[in-house]
Enquirer: 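This is the structure I want to talk about, given as structure tokens.
A, B, ... follow the sequence lines: proteins, then strands. Residue 1 opens every chain.
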Amino acid sequence: MFKNVYNWIDERLDITPIWRDVADHEVPEHVNPAHHFSAFVYCFGGLTFFITVIQILSGMFLTMYYVPDIINAYASVEYLQTKVAFGKIVRGMHHWGASLVIVMMFLHTMRVFFTGSYKAPREMNWVVGMLIFFVMLGLGLTGYLLPWDNKAYFATKVTLEIANSVPFMGPVLKELMQGGSIAGAETLTRFFALHVFFLPAVLLILLVGHFIMIRRQGISGPL
Amino acid sequence: MSSLNEEEESLPQEPPSRNEMSRRQFLTYTLGGATAFMGAGVILPMVRFAVDPILQKKGEGEFIKVAEASKITEEPQEFTFELPQQDGWYASTAMLTAWIRKDANGDIYALSPICKHLGCTVGWNNNKAHPDEYHCPCHGARYTKQGRQLAVAAKPLDQYTTKIDGGWVYLGEIVPNTVSAKEA
């Protein structure tokens, strides 16, 4: 049944080569934990991506209940957390995944650094990876405000003060981030827009670049 | 030579086919099953989370004290009342309207003024061309005192469940009309 559907589409669109390009390639021995157990360090990039997929999915589902509004944000989070079935689980996935994705990304960066994989000809992929790192930090930062509880509010206050301390353009940067002269309603909608639309869009573009480059150049050789 | 040839031909050319799963197939199934299990672990909580509104227990129809029974006449009268409602994290009160009257036997019933055509609000005796009828200003639907449809609408006006307690009329949830069928 599934095979028939696949064949029907494949006859028309010739999708098998695309699938081959994406997934059908050999894993070199030196990155395969079945050959050398220590090669598990090569899994961190894939784990980062796996958690990113969970973040995107759980985030999509959370917006079914969440509202980015200073009156209702906390109430809606409390509602989805306490009244909706599996609300604790779905928000928990997003909450813990947010930290875990940073951890995995950091371990992935360490692996790339200590295996020297950033060297020529892969410098551009290192740069793109660094951009992904900062986008991820931005996602963590903007997402932190959204529950609109005390921790979120004062953590964002601190962030805004840090932005304020940037030489010359600090005050402008702060006002741009908070969307006005106080941290309030407009800060929340602004952070929500960044967290849900702008940063994920940038992240996906960067990830595509990251993956195209690794497929083009292949994984770096053994040490 | 010929005998050698014969011997070769008598040897089995292929191993006998056995109804066994190949190693490749076993590994494919195992990998697919493990992937499906992990995928389900991620997706199922989210799906349950998303469909929760249709699985939430609906609140039992609460009765609201609306009017004094002694003030109900055979002529329909309009009463408005407040229904407290919880919409997710947002608590509010809905303003509802009922047209209440008693029939010749003294039985009290309350009609919902929501037109069964397209949901506008009907009024009693509000059109001079059609006296003593419910009339809807949107598309001219008309109903009798009992709520039976006369024009445009396909169904009679809905009713509130009613309860008389201590001289007061209490109204509950909205149900399909039962009084219009008794009409002669």
Side-chain angles (χ1 to χ4, degrees), chain A residues 1-3 6 19 22-24 27 32-34 43 46-47 49-97 100-101 146-149, chain B residues 14-15 17-64 81-96 119 172-174:
Chain A
M1 168 47 195
F2 176 76
K3 195 148 204 169
Y6 180 85
W19 173 242
V22 172
D24 197 12
V27 179
N32 187 344
C43 294
L47 287 172
F49 179 64
F50 177 63
I51 298 164
T52 303
V53 170
I54 294 181
Q55 289 305 98
I56 291 171
L57 282 173
S58 55
M60 280 163 63
F61 279 91
L62 284 174
T63 57
M64 284 186 174
Y65 293 95
Y66 176 77
V67 277
D69 166 72
I70 52 170
I71 309 288
N72 292 305
Y74 182 78
S76 68
V77 173
E78 190 184 34
Y79 174 77
L80 77 85
Q81 173 101 9
T82 57
K83 296 282 178 359
V84 181
F86 283 84
K88 271 195 189 73
I89 305 286
V90 177
R91 192 164 101 87
M93 286 162 98
H94 206 71
H95 175 97
W96 296 108
L100 205 54
V101 83
L146 301 185
W148 200 248
D149 53 11
Chain B
E14 291 170 14
S17 71
R18 289 177 295 181
N19 252 347
E20 274 180 7
M21 191 182 280
S22 66
R23 177 185 295 248
R24 172 174 291 264
Q25 197 154 40
F26 172 77
L27 289 172
T28 304
Y29 285 167
T30 309
L31 194 64
T35 308
F37 182 76
M38 294 207 297
V42 172
I43 290 295
L44 286 181
M46 297 177 190
V47 171
R48 179 63 184 84
F49 176 76
V51 302
D52 194 56
I54 56 170
L55 296 175
Q56 289 260 11
K57 276 211 182 78
K58 303 288 177 287
E60 278 291 301
E62 221 179 300
F63 280 91
I64 313 280
F81 59 102
E82 282 179 350
L83 177 72
Q85 58 185 14
Q86 185 69 29
D87 179 13
W89 55 90
Y90 182 65
S92 62
T93 50
M95 283 293 280
L96 295 179
E173 55 192 338
I174 291 175

Enquirer: Let me confirm one number: the CG-NE2 distance from A/Leu100 to A/His95, rounded to the nearest 0.5 Å.
Expert: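 Rounded to the nearest 0.5 Å, the CG-NE2 separation comes out at 11.5 Å.
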Enquirer: Who pairs with A/Arg91 by salt bridge (charged side-chain N to carboxylate O under 4.0 Å, His left out), at least two apart in sequence or on another chain?
Expert: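 Expected list: none.
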Enquirer: Which one of A/Ile54, A/Ile89, A/Asn72 has the most heavy-atom pairs closer than 4.5 Å to chain B?
Expert: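 Result: the option with the highest number of such pairs is A/Asn72.
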Enquirer: Measure the OH-CH2 distance between A/Tyr6 and A/Trp19 for me, rounded to the nearest 0.5 Å.
Expert: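 With rounding to 0.5 Å, OH (A/Tyr6) is 8.0 Å from CH2 (A/Trp19).
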Enquirer: For chain B, which candidate among A/Ala75, A/Ser58, A/Ala85 shows the most heavy-atom pairs at distances under 4.5 Å?
Expert: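 Of A/Ala75, A/Ser58, A/Ala85, A/Ala85 has the most heavy-atom pairs under 4.5 Å with chain B.
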Enquirer: Within the side chain of A/Tyr65, is there an N or O that forms a donor-acceptor pair under 3.5 Å with the backbone of A/Val84?
Expert: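 Side chain of A/Tyr65 to backbone of A/Val84, a donor-acceptor pair under 3.5 Å: no, none is there.
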Enquirer: Is it the backbone or the side chain of A/Val53 that comes under 4.5 Å from a heavy atom of chain B, or both, or neither?
Expert: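 For A/Val53, neither part sits under 4.5 Å from chain B.
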Enquirer: Distance from A/Ile51 atom CD1 to A/Ile56 atom CD1, nearest 0.5 Å?
Expert: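 So the gap between those two atoms works out to 12.5 Å.
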Enquirer: Is A/Ile71 close to chain B through its backbone or its side chain, or both, or neither, when contacts mean heavy atoms under 4.5 Å?
Expert: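 Interface part for A/Ile71: neither.
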Enquirer: At under 4.5 Å between heavy atoms, what parts of residues 82-95 of chain B are in contact with chain A? List them by residue number.
Expert: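 Against chain A, the residues of residues 82-95 of chain B that fall inside the cut-off (heavy atoms, under 4.5 Å) are B/Gly88, B/Trp89.
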Enquirer: Look at atom OH of A/Tyr79 and say whether more than 12 heavy atoms of other residues, nucleotides or ligands are closer to it than 6.0 Å.
Expert: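 Yes, the 6.0 Å shell around OH holds more than 12 heavy atoms from other groups.
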Enquirer: Does CZ in A/Phe49 sit with more than 12 non-hydrogen atoms of other residues, nucleotides or ligands closer than 6.0 Å?
Expert: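 Open.
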Enquirer: Do the non-hydrogen side-chain atoms of A/His94 and A/Val90 ever get within less than 4.5 Å of each other?
Expert: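 A/His94 vs A/Val90: side chains apart.
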Enquirer: Nearest 0.5 Å please: distance from the CD1 atom of B/Ile64 over to the CG atom of B/Leu96.
Expert: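 If we round to the nearest 0.5 Å, B/Ile64:CD1 and B/Leu96:CG are 8.5 Å apart.
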Enquirer: Can you sort out the partners of A/Asp149 under side chain to side chain donor-acceptor pair (under 3.5 Å), two or more places apart, ordered by chain and number?
Expert: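 Scan of A/Asp149 (side chain to side chain donor-acceptor pair (under 3.5 Å), adjacent residues dropped) gives none.
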Enquirer: What distance separates A/Met93 CE from A/Gln55 CD, expressed to the nearest 0.5 Å?
Expert: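 Spacing of CE (A/Met93) from CD (A/Gln55) equals 8.5 Å.
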Enquirer: By number, which residues in residues 34-53 of chain B have some heavy atom less than 4.5 Å away from chain A?
Expert: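 When heavy atoms of chain A are the reference, residues 34-53 of chain B contributes B/Val42, B/Ile43, B/Pro45, B/Met46, B/Val47, B/Arg48, B/Phe49, B/Ala50, B/Asp52, B/Pro53 within the under-4.5 Å range.
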